[in-house]
J.: 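Provided herewith is a single structure, encoded as structure tokens, for subsequent inquiry.
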Amino acid sequence: MAAAFSRPVFFPSTFSYNGNRYHGRIKIKINATSSTKVKTLNEIAGAGKGSSSLATSTEINHLSQEQIRQRIPTKKQLVDPYRQGLIIERGVGYRQTVVVRSYEVGPYKTATLESLLNLFQETALNHVWMSGLLSNGFGATHGMVRNNLIWVVSRMQVQVDHYPIWGEVLEIDTWVGASGKNGMRRDWLIRSQATGITYARATSTWVMMNEKTRRLSKMPEEVRDEISPWFIDKRAINEDVPEKIVKLDDNARYVNSDLKPKRSDLDMNHHVNNVNYVRWMLETTPDKFLESHQLSGIVLEYRRECGSSDRVQSLCQPDEDETLTNGVEQSLLKNMVLTPRIMEGNGYLGPLDVKSYGYTHLLQIKGDSKNEEIVRGRTRWRKTLSTLPYSS
């Protein structure tokens with residue numbers, strides 16, 4: 001005898017009201033038995049042929065399979081329930097709620113720098129997605145695609161006060177602004193949803209490259225007209241004078257010449273994603289140092305792109321002058337009781353931090369006659385304290 005059951009099923013839906021499109025879910029209650037044959041979505045879609053359906057054949061003919069699957073908005077969206085995102089800052093900024101996944105944390109159950117950089121990239125793309133400007137490129141607008149242009153990052157700075165822990169709910173804000181005549185600035189803030197404390201902040205500069213010639217390009221007026229209404233005069237990190245990064249040579253203390261990009265390192269623009277550059281840099285930093293220190297800041301200056309056939313060398317040089325910050329001796333900090341204010345600053349001691357360690361980095365392509373720079377970097381580090389904030 002077949003067993004009877006009743007189960008609610010949720011289907012995503014899109015509907016229009018007063019000219020705006022909204023996304024939601026439709027709840028349908030299904031009553032059936034264990035012998036009931038369940039049709040596939042393709043079968044259900046096929047059954048609609050010749051009759052009214054959710055999408056007419058004329059509409060489908062005007063949309064590519066990729067567009068149907070991606071559901072890229074053609075108009076500005078205020079809320080995206082699928083990505084837990086919404087438009088803020090008087091209609092031009094973006095905020096997304098995320099949960100730190102198990103594959104985004106390291107040995108100490110805290111998110112890695114690479115995970116934070118990936119979140120920066122993802123929220124930036126989702127911001128463009130909700131703006132209604134996204135074409136089929138990697139964050140490229142419709143005007144950029146018409147001019148064969150793509151975005152490339154030229155500089156990035158990240159400051160980390162505290163690394164989120166596994167399972168923590170975060171709010172990430174991002175917005176854009178002008179950077180000179182032909183560039184765009186994008187900033188981010190990461191905060192704890194539970195406490196409102198800012199964990200990390202970042203700023204970056206982006207320029208346009210011709211996808212075919214791989215040369216930098218001026219910003220066309222039609223692209224400027226697209227993105228300028230989204231500009232905000234606000235900065236996550238104030239830099240009066242950007243830090244200059246010296247170029248290392250083969251005399252650097254730590255060198256890794258055995259780096260080869262993999263096919264999986266390439267992004268949609270067919271070059272090595274900038275997050276992989278950071279991974280190569282940090283892997284060249286001594287293991288013993290990484291075991292007892294956490295990265296508190298990084299500055300990156302990008303020189304050129306890297307392809308799958310390039311041979312890459314990573315150079316790393318520690319600062320020789322590792323001076324004490326504020327002249328505080330480490331012995332004064334032993335057995336210190338951490339106050340709530342100190343705990344708000346990442347389990348680190350903020351101004352009382354004992355030492356600030358620095359490294360200079362360089363990634364370069366090894367050539368037969370000369371080497372070409374990919375990216376220069378500067379990292380700042382602090383000792384990892386045994387007492388973690390919010391620990392039980």
Side-chain angles (χ1 to χ4, degrees), residues 102-108 110-121 138 150 152-158 160 163 204 209 214 243-320 322 357-384:
S102 59
Y103 52 81
E104 295 173 324
V105 302
Y108 303 106
T110 56
T112 63
L113 178 66
E114 291 177 55
S115 296
L116 298 185
L117 293 175
N118 280 322
L119 286 174
F120 290 152
Q121 180 172 276
F138 200 37
I150 59 176
V152 291
V153 60
S154 61
R155 192 173 189 276
M156 175 171 276
Q157 181 181 3
V158 182
V160 183
Y163 286 87
S204 59
M209 172 187 285
R214 314 309 283 186
E243 179 181 1
K244 292 184 178 180
I245 306 176
V246 299
K247 181 182 178 181
L248 298 180
D249 55 31
D250 291 338
N251 295 320
R253 184 175 300 181
Y254 305 104
V255 179
N256 184 354
S257 300
D258 193 27
L259 296 171
K260 182 73 170 63
K262 303 174 184 177
R263 184 176 296 274
S264 58
D265 293 328
L266 304 182
D267 60 23
M268 286 188 278
N269 287 332
H270 303 285
H271 59 212
V272 176
N273 191 276
N274 63 84
V275 177
N276 292 311
Y277 297 153
V278 176
R279 173 167 53 83
W280 289 338
M281 285 181 173
L282 299 186
E283 286 178 353
T284 314
T285 310
D287 289 339
K288 279 290 184 183
F289 182 83
L290 295 177
E291 290 173 2
S292 57
H293 294 78
Q294 273 189 320
L295 188 144
S296 60
I298 186 169
V299 180
L300 300 164
E301 292 180 356
Y302 296 90
R303 305 289 179 170
R304 58 156 294 168
E305 61 181 335
C306 174
S308 58
S309 61
D310 293 325
R311 294 184 299 119
V312 179
Q313 184 181 57
S314 177
L315 308 176
C316 176
Q317 178 67 36
D319 289 353
E320 297 299 335
E322 297 174 344
Y357 301 88
Y359 280 83
T360 301
H361 306 264
L362 173 66
L363 288 182
Q364 60 185 6
I365 295 175
K366 292 288 293 180
D368 296 331
S369 57
K370 69 173 185 176
N371 301 328
E372 295 185 82
E373 292 183 78
I374 302 173
V375 56
R376 296 184 188 183
R378 279 283 297 164
T379 53
R380 303 299 301 180
W381 305 78
R382 292 171 175 150
K383 261 190 172 299
T384 304

J.: Roughly how far, to the nearest 0.5 Å, is the CZ atom of Phe120 from the CE atom of Met156?
T.: 7.0 Å

J.: So, do Glu301 and Arg378 sit near enough that their side-chain heavy atoms are less than 4.5 Å apart?
T.: no

J.: Given 3.5 Å as the limit, does a donor-acceptor pair link the side chain of Ser115 with the main chain of Glu104, or not?
T.: yes

J.: Taking all atoms of both residues into account, what is the closest heavy-atom pair of Cys306 and Val312, and its distance?
T.: SG-CG2, 3.7 Å

J.: I need the minimum non-hydrogen distance between Leu248 and Thr360, along with the two atoms involved.
T.: CD1-O, 3.3 Å

J.: What donor-acceptor contacts under 3.5 angstrom involve side-chain atoms of residues 367-377, with partners at least two apart or in another chain?
T.:
| residue | atom | partner | partner atom | Å |
| --- | --- | --- | --- | --- |
| Asn371 | OD1 | Gly367 | N | 3.3 |
| Glu372 | OE1 | Arg304 | NH1 | 3.1 |
| Glu372 | OE2 | Arg304 | NH1 | 3.0 |
| Glu373 | OE1 | Arg376 | NE | 2.5 |
| Glu373 | OE1 | Arg376 | NH2 | 3.4 |
| Glu373 | OE2 | Arg376 | NH2 | 3.2 |
| Arg376 | NH1 | Ile245 | O | 2.8 |

J.: Without swapping roles, check the side chain of Asn273 against the backbone of Leu266 for a donor-acceptor pair under 3.5 Å.
T.: no

J.: Report yes if some heavy atom in the side chain of Tyr163 is under 4.5 Å from a heavy atom in the side chain of Leu116; otherwise report no.
T.: yes

J.: So do the side chains of Glu291 and Thr384 get within less than 4.5 Å of each other, counting heavy atoms only?
T.: no

J.: Test side-chain contact (heavy atoms from CB on, under 4.5 Å) on Ile150 and Phe138 and set out the steps.
T.: CA-CA 7 Å; Ile150 59 176; Phe138 200 37; over 6 Å; no

J.: Do Leu113 and Arg279 come within less than 4.5 Å of each other through their side chains, counting heavy atoms only?
T.: no

J.: Is Thr110 reaching over with its side chain to a backbone N or O of Gly106, donor-acceptor style, under 3.5 angstrom?
T.: no

J.: Any chance you could measure Tyr254, atom OH, to Leu315, atom CG, to the nearest 0.5 Å?
T.: 13.5 Å

J.: Is the closest side-chain heavy-atom distance between Trp280 and Asp265 below 4.5 Å?
T.: yes

J.: Let me confirm one number: the SG-CZ distance from Cys316 to Arg253, rounded to the nearest 0.5 Å.
T.: 9.5 Å

J.: Quick check: do Ser314 and Leu363 have side-chain heavy atoms less than 4.5 Å from each other?
T.: yes

J.: Heavy-atom distance under 4.5 Å between the side chains of Met209 and Glu305, does that happen here?
T.: yes

J.: Would you sort out whether Val152 and His271 count as a side-chain contact (heavy atoms from CB on, under 4.5 Å), showing the intermediate values?
T.: CA-CA 10 Å; Val152 291; His271 59 212; 3.9 Å; yes

J.: Identify which one of Tyr359, Tyr357, Trp381 satisfies the ring-ring contact (aromatic ring centres under 6.0 Å, His included) criterion when paired with His293.
T.: Tyr357

J.: Give the minimum heavy-atom separation between Asp250 and Val255, together with the two atoms involved.
T.: O-CG2, 4.5 Å

J.: Only one of Thr379, Leu117, Val160 forms a side-chain contact (heavy atoms from CB on, under 4.5 Å) with Ile298, so which one is it?
T.: Thr379

J.: How many angstroms lie between atom CG of Asp310 and atom CD of Gln364, to the nearest 0.5 angstrom?
T.: 12.0 Å

J.: Without placing hydrogens or testing angles, list every side-chain donor-acceptor pair under 3.5 Å for residues 256-263, not counting sequence neighbours.
T.:
| residue | atom | partner | partner atom | Å |
| --- | --- | --- | --- | --- |
| Asn256 | OD1 | Asp258 | N | 3.1 |
| Ser257 | OG | Gln313 | NE2 | 2.8 |
| Lys260 | NZ | Ser308 | O | 2.7 |

J.: Hey, are the side chains of Tyr302 and Leu300 touching, using non-hydrogen atoms and a 4.5 Å cut-off?
T.: yes

